[in-house]
Amino acid sequence: MTTTETPRTDIEFNKRLRVVFDDLQKAFGDVALRHGITFDELGRAITYLTKLVESGDFLLAAIQLIGARPMEVSHGRAYADPEKDGASTWMPTGPAYVPGAPEIENPGVLPMAPNEPGETLIVSGVVRSTSGKPLPGAVIDLWQTTADGRYAGLTPEQAGPLEDLDVVDFDLPKYHLRGKIVTDAEGRYEYRTVVPGVEPAAVPGSPLDDLLNMLGRANSRARHIHAYISHEDHHMLTHQIHFEGDPLVDTVSEGAIARDLIHKTELHDDPAEWEARGLTAPYRTLTCDYVLRPIGFDEVKDPYLLEGFWKQ
Ligand SMILES: [Fe+2]
């Protein structure tokens, strides 16, 4: 190859770029025609985007508004089309995961202070395969915020822009409200925690805050509990439990939260009930079953079906 030739990787990249850009350009043209977007409006949008870039908010804005699908393509492909076999809906990891959380008992308690502020929440359920079979020995690696919406365990370097959002409490122990629980012989799990808080998604008064307001999107994350769920012979699921009645589930920046991720809580305010659990105040319960997709599900072909296909 002479020095003037374009490297092969660049040729492949350019081919892909041309195909994707053709599609994007056509999609934008269709939207412009459908909504009558004028040239003046396009100019205003470009001026606004320039302001976002200059402020340093463009990266966070892009991740929040259009990042979810590319993240799913990169890391959640094994859980695409959950409707077809009842597999759980995949959700992005987010920037607050810390590896190495301790294993807790089952039933157990997430690491927290004895007088942890917030409403007590007991989460339980079953981890199953899409065949319906319960999965003993599945590992659920959990992480969530405190009741005031802050994560523990992140260093300033890991926190990055999150430090400006005030979603990190650097004074808490590293694995505060982080832990792994292993399902029992029937695939069941149960742990006690507190209802997580609301994390800010934009610095108040920043260009991103302004943009989210203009779009009618919340400048906070809906309450959620993150989890990685893994089991041999199954694809690892990345998941977030959301809460019924939380108004933010319909206005989060990436669009409304999928309905099957939203879980109802039941309040137990009878003293006899909470005393029986050794608690000193009312508590809530929530049930969440995780459904994992076997590895190789899509690759298994029925030779007779294929034979029938070719005879058509
Ligand atoms: Fe989060």
Side-chain angles (χ1 to χ4, degrees), residues 59-72 74-76 79 88-101 110-112 116-119 121 123 140-170 172-181 191 193-203 208-209 212 217-229 236-244 246-258 260-263 265 286 288 290:
L59 178 66
L60 262 182
I63 290 171
Q64 289 192 31
L65 294 169
I66 56 172
R69 284 294 183 213
M71 278 190 259
E72 189 172 7
S74 303
H75 309 297
Y79 283 92
S88 292
T89 294
W90 183 91
M91 283 289 277
T93 299
Y97 178 68
V98 175
L110 280 187
M112 57 179 162
E116 184 70 25
E119 211 175 355
L121 174 70
V123 185
I140 309 171
D141 190 352
L142 298 151
W143 71 103
Q144 66 165 82
T145 69
T146 55
D148 69 349
R150 291 193 172 84
Y151 285 104
L154 296 170
T155 62
E157 295 72 43
Q158 287 168 321
L162 297 183
E163 194 172 353
D164 292 336
L165 293 179
D166 199 20
V167 295
V168 184
D169 187 330
F170 296 107
L172 291 169
K174 185 173 179 182
Y175 294 117
H176 191 85
L177 294 173
R178 299 173 184 272
K180 293 190 186 89
I181 190 162
Y191 64 91
T193 181
V194 291
V195 175
V198 173
E199 302 166 34
V203 176
L208 175 57
D209 186 38
L212 293 173
R217 300 290 171 89
N219 55 9
S220 312
R221 314 291 315 157
R223 294 172 198 274
H224 58 277
I225 300 175
H226 293 274
Y228 283 132
I229 304 95
M236 188 174 81
L237 172 69
T238 314
H239 189 273
Q240 293 177 24
I241 290 174
H242 285 75
F243 293 79
E244 192 177 288
D246 181 348
L248 295 170
V249 293
D250 291 321
T251 54
V252 288
S253 45
E254 70 264 33
I257 297 295
D260 67 304
L261 297 173
I262 300 171
H263 294 261
T265 62
L286 178 155
C288 174
Y290 298 106

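Each ligand, and each atom within it, is numbered from 1 in the order the structure gives.
Taking backbone and side-chain atoms together, Q144 has no N/O/S atom less than 2.8 Å away from the Fe ion (ligand 1).
Considering CG of D250 and CZ of R217, their distance stands at 11.0 Å, rounded to 0.5 Å.
Side-chain contact between H263 and T265: absent, with no pair of heavy atoms (C-beta onward) separated by less than 4.5 Å.
Closest to the Fe ion (ligand 1) among the N, O or S atoms of E199 is OE2.
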Between D166 and R150, does a salt bridge (charged side-chain N to carboxylate O under 4.0 Å, His left out) hold up when you go through it step by step? CA-CA 7 Å; D166 199 20; R150 291 193 172 84; 2.8 Å; yes
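Vertex the Fe ion (ligand 1), arms ending at NE2 of H226 and NE2 of H224: the angle is 90° after rounding to 10 degrees.
Remark: side-chain polar atoms of Q144 are not paired, donor with acceptor, to backbone N or O of L177 under 3.5 angstrom.
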